[in-house]
Amino acid sequence: MGHVIVEFPECREVFCDGRSQGNNRNDEGKYRELIIGNGLHRFRLGGDENYIPASQSVEVTDEGNVILAQRIVFTKKA
Amino acid sequence: MILLRALAAFALAAFVTSCAVAPVNVKLDRYDEKAGYRFDNLSSDGNSDELFVILTFSGGGTRAAAFSLGVMEGLRDAVYNAPGGTRRFLDDVDVISSVSGGSFTAAYYALFPGKFFTNFPSAFLHRNVQGDLIRRALWPPNWFRLAASDFDRINLAAEYYDETIFEHKTFSELIAKRRKPYIILNATDMTLGRRFEFTQDQFDLLCSDLSSVKVATAVAASSAFPGLLSPLTVKNFAGEGCDYKAPEWLTNALVREKNPVRRYAYALDFSSYQDPKLKRDYIHLLDGGLGDNIGLRGPYVALSGNDSNWSIFQKINKREVRRVIVISANAKTNPRKDWDQKQAAPGILDVLSLVTSGPMDNYSFDTVQLVRDFFADLNKDTKIWTACKSLVDKCSVEMPGVPEPVDFYAGELSFDSLDDQDLRLCMENLPTSFYLPEDTVTLLRQVARLLLMQSADFGKIMRELDRAWQPPAVQIDPALRAKVCPS
């Protein structure tokens, strides 16, 4: 099991393998740690498709722990 | 003349009954990931996911069915003060995963919640099921049916359960009810040696429609003890197609070098039903206890990853769950053995008994431990984060992310937790059969309630929900005990 933070400048819904995992940020705007089972997963964001890459296949490992979560970064399209 | 008439009547009866073989399962017209018997299609109806409760019922024939009923009676009586008024803990149960004898209790509760506590004992527990099954097998017209290639002892058992216990109900009844708990009746796929569950998620892989399958058939497969009952055969229609679309997790999990071995192996087994090269046109199912005799492996998949359709991680990530509770009712026995007091080696029956139950018991123990350790790690994570945050706060630095605070509890109820050694020995030496005297059934129910109310884990959960909660008094009837367990 790994802890994952999905970085994006806005609060967005996160999809892992096509299933919603809630938002990447909490009500205070801080990043939420998502719990994801170890292995290969495809991540994408909900809402406007104004980000790159469109999706990312990431190997989640337990290297991403509760203190230092694994980071998956999406960038806003220019 | 009389003899001729009798023979004619006998032949007619044999013909009529031999024509009455209906297929166990039918083809699914078109795959629809939203339709059918799935967790997401059940209504919460006052049962919030915030407190997520999973029960598992072990195998062990009538003993296990009576024990799991006793646990449910205890959960019914565990009433606590909730924000909206008093609640029964039983009404918080979200999932029941069962095998073999425990599947009778789970299925009956799902189908008939209103009359469960009043009718289940007479419908199943007080019946001499194995005697009735033997009588049916010996009824001459059934010889012809049993001689047919598509009808076996397991079909006879399913037919009996359907007529006498489950009132001809199919899974469509459970779909129409849309009511939690979600029931997972587990059998074992003989080829894979792994769990096969009677849910639409599983039947999608066979391109088959679970809604028309009789609940009695699923229970029969779940309790098809090898040797005594034949395997149940279901048809795999995957070769005929149903526009099945593999879920995204499965495609990802099949990339060997990027996944833990356990996830990859699970995905490989899962996808085998759809693989035309493997030619799995028929799936043969045996007792669920062979793959997992405590019913906890399915929930473990949902508890430890995001792949299950009712993944707990997903519910935590979506802030739907705040407490996760697993209670395993394990009616395992530990029959007295005198092998080590004799020079002569144990006989063939002892050896067979050991090879059939020994590995199952060890595996069950490991599974319970696996869940407990996993929960301990998750609870530790929250403590570590909180401790680290208190340090970081002093430096006016922010933690990079915020985890969702969730509490996890796992408890196992089994005879070896009984303080009373004589009662423990008596319970641990009960037979595994589909017939027990009524007094034994009643004592098992009382013992189960006692174990639940004495459980430190359960007490902790209840006091988390309601600080003032006190367990109701449970008494073992001394006269009943003396009758069932003479010293």
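Lettering follows sequence order; numbering is per chain, from 1.
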Toward chain A, the part of Leu378(B) with a non-hydrogen atom under 4.5 Å: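 The answer is the side chain of Leu378(B).
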Ring pair (Phe, Tyr, Trp, His ring centres under 6.0 Å) partners for Tyr244(B), two or more places apart: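 Listed in chain order: Tyr31(B).
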For Phe203(B), ring pair (Phe, Tyr, Trp, His ring centres under 6.0 Å) partners two or more places apart: Phe196(B), Phe198(B)
Can you pull out all donor-acceptor pairs below 3.5 Å that join chain B and chain A?
from      : atom 1 : to       : atom 2 : distance (Å)
Glu248(B) : OE1    : Arg42(A) : NH2    : 3.3
Glu248(B) : OE2    : Arg42(A) : NE     : 2.5
Glu248(B) : OE2    : Arg42(A) : NH2    : 3.1
Asn252(B) : ND2    : Asp17(A) : OD1    : 2.6
Lys258(B) : O      : Leu40(A) : N      : 3.2
Asn259(B) : OD1    : Leu40(A) : N      : 2.9
Arg263(B) : NH1    : Leu40(A) : O      : 2.9
Asn306(B) : O      : Arg19(A) : NH1    : 2.9
Asn306(B) : OD1    : Gly37(A) : N      : 2.7
Asn306(B) : ND2    : Gln21(A) : OE1    : 3.4
Asn306(B) : ND2    : Ile35(A) : O      : 3.3
Asp307(B) : O      : Arg19(A) : NH1    : 2.8
Asp307(B) : O      : Arg19(A) : NH2    : 3.3
Ser308(B) : O      : Arg19(A) : NH1    : 3.1
Asn309(B) : OD1    : Arg19(A) : NH2    : 2.5
Gln314(B) : NE2    : Ser20(A) : O      : 2.9
Asn317(B) : O      : Arg32(A) : NH1    : 3.1
Asn317(B) : O      : Arg32(A) : NH2    : 2.4
Asn317(B) : OD1    : Ile35(A) : N      : 2.8
Asn317(B) : ND2    : Gln21(A) : OE1    : 2.8
Asn317(B) : ND2    : Ile35(A) : O      : 2.9
Asp381(B) : OD2    : His3(A)  : NE2    : 3.2
Val402(B) : N      : Tyr31(A) : O      : 2.8
Val402(B) : O      : Glu33(A) : N      : 2.9
Glu404(B) : OE2    : Arg32(A) : NE     : 2.9
Glu404(B) : OE2    : Arg32(A) : NH2    : 3.0

Taking all atoms of both residues into account, what is the closest heavy-atom pair of Pro260(B) and Gly39(A), and its distance?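 Result for this residue pair: CD-CA, 3.7 Å.
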Which residues satisfy the salt bridge (charged side-chain N to carboxylate O under 4.0 Å, His left out) test with Asp457(B), sequence neighbours excluded? Arg372(B)
Atom group of Ile5(A) that falls short of 4.5 Å from chain B, counting heavy atoms: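 Just its side chain gets close to chain B.
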